[in-house]
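Nothing fancy with the numbering, it's 1 onward along the sequence.
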Amino acid sequence: MTTTSRLDDCIDAVTAQAYEIPTDAPEADGTFEWTSTTLVLAQVTAGGRRGIGYTYATSAARELIAGPLADAVAGHSALDITAAWQSMVMAMRNNGRPGLVSCAISAVDTALWDLKGKLLDTPVCRLLGMARAEVPIYGSGGFTTYDEQATRTQLERWVDSWKIPRVKIKIGESSGSAVRRDIRRIAFARKVIGHDIALYVDANGGYSRKQAIRVAHAMDEHQVSWFEEPVSSDDLVGLRQVREQVRPDVTAGEYGYDLAYFNRMLAAEAVDCLQIDVTRCGGITDWLRAAAVAAANNVEVSGHCAPNLHAHVAASIPNLRHLEYFHDHHRIEHLLFDGALSPEGGALRPDQGRPGLGLEFKHRDAERFRVG
């Protein structure tokens with residue numbers, strides 16, 4: 001069933017393309033390694049305007065967007081995003097909501113918000129209502145594949161060139177089998193950035209419970225204040241055990257694909273700050289609801305990666321801590337989108353002079369990366 005709409009705001013087309021962009025060097029974290037990142041672009045048209053959204057996921061998401069999700073939203077008013085979102089969720093019932101399906105829904109949902117902003121000639125942050133004009137960020141990268149020179153260059157760029165006051169490196173190398181190197185890299189990062197910059201670490205679930213606690217105690221002297229996924233984010237009991245016995249804030253949530261996931265994590269008192277990824281959780285529509293669930297539990301949230309998709313929605317909530325300014329996504333978004341925001345000064349500032357999300361895709365520049 002579709003909502004009542006004028007002919008000039010009915011959704012008339014949904015398309016998708018996938019682009020695979022090589023990394024600028026081999027990258028790895030505690031449990032995974034990669035040499036490229038895939039961006040799946042969704043485009044939704046209505047009233048002669050086109051909205052764009054995207055997700056960082058396998059190119060298989062393209063088929064879901066151009067097929068059943070396109071059918072689900074066809075004929076809906078582009079102004080009634082909640083109805084279109086619900087139609088997508090219902091259409092995917094038998095395909096399983098978590099995982100790739102939710103990534104595909106996220107791409108279409110963000111495209112719908114961009115489209116609505118363009119139809120109304122209003123930036124998304126104004127559609128949502130702003131809580132802040134600037135969104136604090138932290139520099140994120142510090143891959144386990146980096147040597148000291150690569151690590152130093154990246155850290156100094158964030159801190160000295162862009163004036164970002166908080167940074168994060170990867171640890172948990174090889175699923176927790178290189179703890180001594182982890183600690184050496186933490187010490188090196190602290191030496192490079194000095195003592196006035198906040199230092200975060202991310203193990204990507206690479207440690208066991210007690211191992212994570214031992215590592216946290218070992219890094220206390222280096223003033224680490226953020227310990228992301230010390231154990232698997234599926235291990236809620238383990239996250240809480242670590243959280244109760246270490247000084248840094250324990251965080252997780254980037255693999256949340258629906259509200260039930262975030263509710264379980266918060267009910268378990270597993271995290272000090274909840275991470276939410278707009279390219280995975282169901283888009284801007286469910287990002288807002290997940291942030292509200294966190295607020296009901298007196299927990300702040302942090303946007304995970306995709307900085308230029310997060311900027312507008314992150315600016316709209318009161319319980320925001322910050323947004324992850326991830327190295328790979330910074331490269332891709334500045335390469336492929338006109339209107340990508342500057343990280344200088346340690347914050348993103350949504351452009352209130354551009355409607356929608358303020359982004360336009362550079363199709364010609366992206367063509368060499370297109371797959372399928």
Side-chain angles (χ1 to χ4, degrees), residues 24 123-125 128 130-143 146 150-171 185-186 188-202 219 222-228 248-249 251 253-254 272-279 287 291 294 299-335 337 339-354 357-359:
D24 55 1
V124 169
C125 60
L128 300 173
M130 296 178 67
R132 69 194 74 241
E134 298 185 347
V135 177
I137 60 172
Y138 66 88
S140 172
F143 304 109
Y146 282 3
T151 302
R152 177 185 292 277
T153 298
Q154 188 176 72
L155 290 171
E156 288 179 345
R157 185 184 190 193
W158 294 335
V159 173
D160 297 333
S161 299
W162 292 347
K163 307 302 181 184
I164 300 176
R166 53 196 80 82
V167 299
K168 185 177 79 178
I169 67 169
K170 301 289 191 179
I171 60 172
R185 292 180 62 249
I186 292 169
F188 177 76
R190 174 53 73 193
K191 180 180 178 181
V192 171
I193 65 176
H195 291 282
D196 295 329
I197 303 297
L199 178 58
Y200 299 172
V201 299
D202 181 0
M219 65 188 182
H222 306 299
Q223 300 169 290
V224 173
S225 56
W226 171 282
F227 196 178
E228 185 173 331
D249 282 353
T251 70
E254 67 188 70
D272 294 291
C273 183
L274 182 70
Q275 294 176 280
I276 317 172
D277 189 327
V278 74
T279 75
W287 200 97
V299 172
E300 290 182 315
V301 304
S302 177
H304 175 260
C305 293
N308 285 282
L309 270 193
H310 274 102
H312 285 258
V313 67
S316 73
I317 64 164
N319 60 319
L320 178 79
R321 184 176 298 193
H322 46 41
L323 169 58
E324 180 172 14
Y325 200 80
F326 184 53
H327 172 70
D328 284 357
H329 297 176
H330 157 75
R331 288 181 55 246
I332 292 169
E333 291 172 5
H334 279 264
L335 178 66
F337 294 92
L341 301 171
S342 169
E344 293 184 9
L348 298 186
R349 301 161 187 85
D351 188 343
Q352 298 181 48
R354 300 176 68 135
L357 294 169
L359 300 172

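Under the side chain to side chain donor-acceptor pair (under 3.5 Å) rule, S302 has a single partner from H322, E254, R321, which is H322.
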Start with the C-alpha gap between Y200 and R166, add the side-chain angles, then the distance that decides, and say whether side-chain contact (heavy atoms from CB on, under 4.5 Å) holds. CA-CA 7 Å; Y200 299 172; R166 53 196 80 82; 3.6 Å; yes

Please assess L357 against N308 for the test side-chain contact (heavy atoms from CB on, under 4.5 Å), listing each intermediate value before the final yes or no. CA-CA 8 Å; L357 294 169; N308 285 282; over 6 Å; no

Can you list the steps and then say if I171 with F227 is a side-chain contact (heavy atoms from CB on, under 4.5 Å)? CA-CA 10 Å; I171 60 172; F227 196 178; 4.1 Å; yes

Start with the C-alpha distance between H195 and R190, add both sets of side-chain angles, then the distance that settles side-chain contact (heavy atoms from CB on, under 4.5 Å), and finish with yes or no. CA-CA 7 Å; H195 291 282; R190 174 53 73 193; 3.7 Å; yes

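Distance check: E300 CD to L320 CG gives 8.0 Å after rounding to the nearest 0.5 Å. With rounding to the nearest 0.5 angstrom, the CD atom of E324 is 3.5 Å from the NZ atom of K168. The structure places NE2 of H327 at 5.5 Å from CD of Q154, a figure rounded to the nearest 0.5 Å. Note that CG of L323 is 10.0 Å distant from CG of L341, once rounded to the nearest 0.5 Å. Annotation: the span from H222 atom NE2 to I193 atom CD1 amounts to 11.5 Å, rounded to 0.5 Å. Interatomic distance, CD1 of I137 versus CD1 of I164, reported as 4.0 Å (0.5 Å rounding).
You'll find the side chain of F143 reaches within 4.5 Å of the side chain of D328, heavy atoms only. D277 has its side chain within reach of H310: a pair of non-hydrogen atoms, C-beta onward, lies under 4.5 Å apart. Residues I169 and D202 have side chains not in contact (no heavy-atom distance under 4.5 Å, counting atoms from C-beta outward). For the pair E156/V192, a side-chain contact is recorded, criterion being any heavy-atom separation below 4.5 Å from C-beta on. Contact of the P165 side chain with the D196 side chain is not registered, since no non-hydrogen atoms from C-beta on lie closer than 4.5 Å. Side-chain atoms of D249 and C273, non-hydrogen and from C-beta on, never get closer than 4.5 Å to each other.
With hydrogens and angles ignored, the 3.5 Å screen pairs no side-chain donor or acceptor of W226 with any backbone N or O of T251. Under the 3.5 Å distance criterion, the side-chain polar atoms of N319 are matched with a main-chain donor or acceptor of V299. The backbone N or O of A306 sits nowhere less than 3.5 Å from a side-chain atom of H330 that would complete a donor-acceptor pair. Side-chain atoms of H304 never come within 3.5 Å of backbone atoms of G253 as a donor-acceptor pair (strictly under, hydrogens ignored). Without hydrogens or angle criteria, R354 side chain to P123 main chain gives no donor-acceptor distance under 3.5 Å. Of the possible donor and acceptor atoms, one in the side chain of R185 sits under 3.5 Å from a partner among the backbone N and O of K170. Remark: the backbone N or O of A150 is not paired with any side-chain donor or acceptor of T153 at under 3.5 angstrom.
Closest heavy-atom contact between D351 and G353: OD1-N, 2.8 Å. In terms of heavy atoms, A131 sits closest to P318 at CB-N, 4.1 Å. The nearest pair of heavy atoms linking H329 to C305 is ND1-CB, 3.3 Å. Heavy-atom minimum distance, V301 versus A291: CG1-CA, 4.1 Å. The two residues Y138 and V167 come nearest to each other via the heavy atoms CB-N, 4.5 Å. The minimum heavy-atom distance between Y325 and P307, with the atom names listed, is CD1-CB, 3.7 Å.
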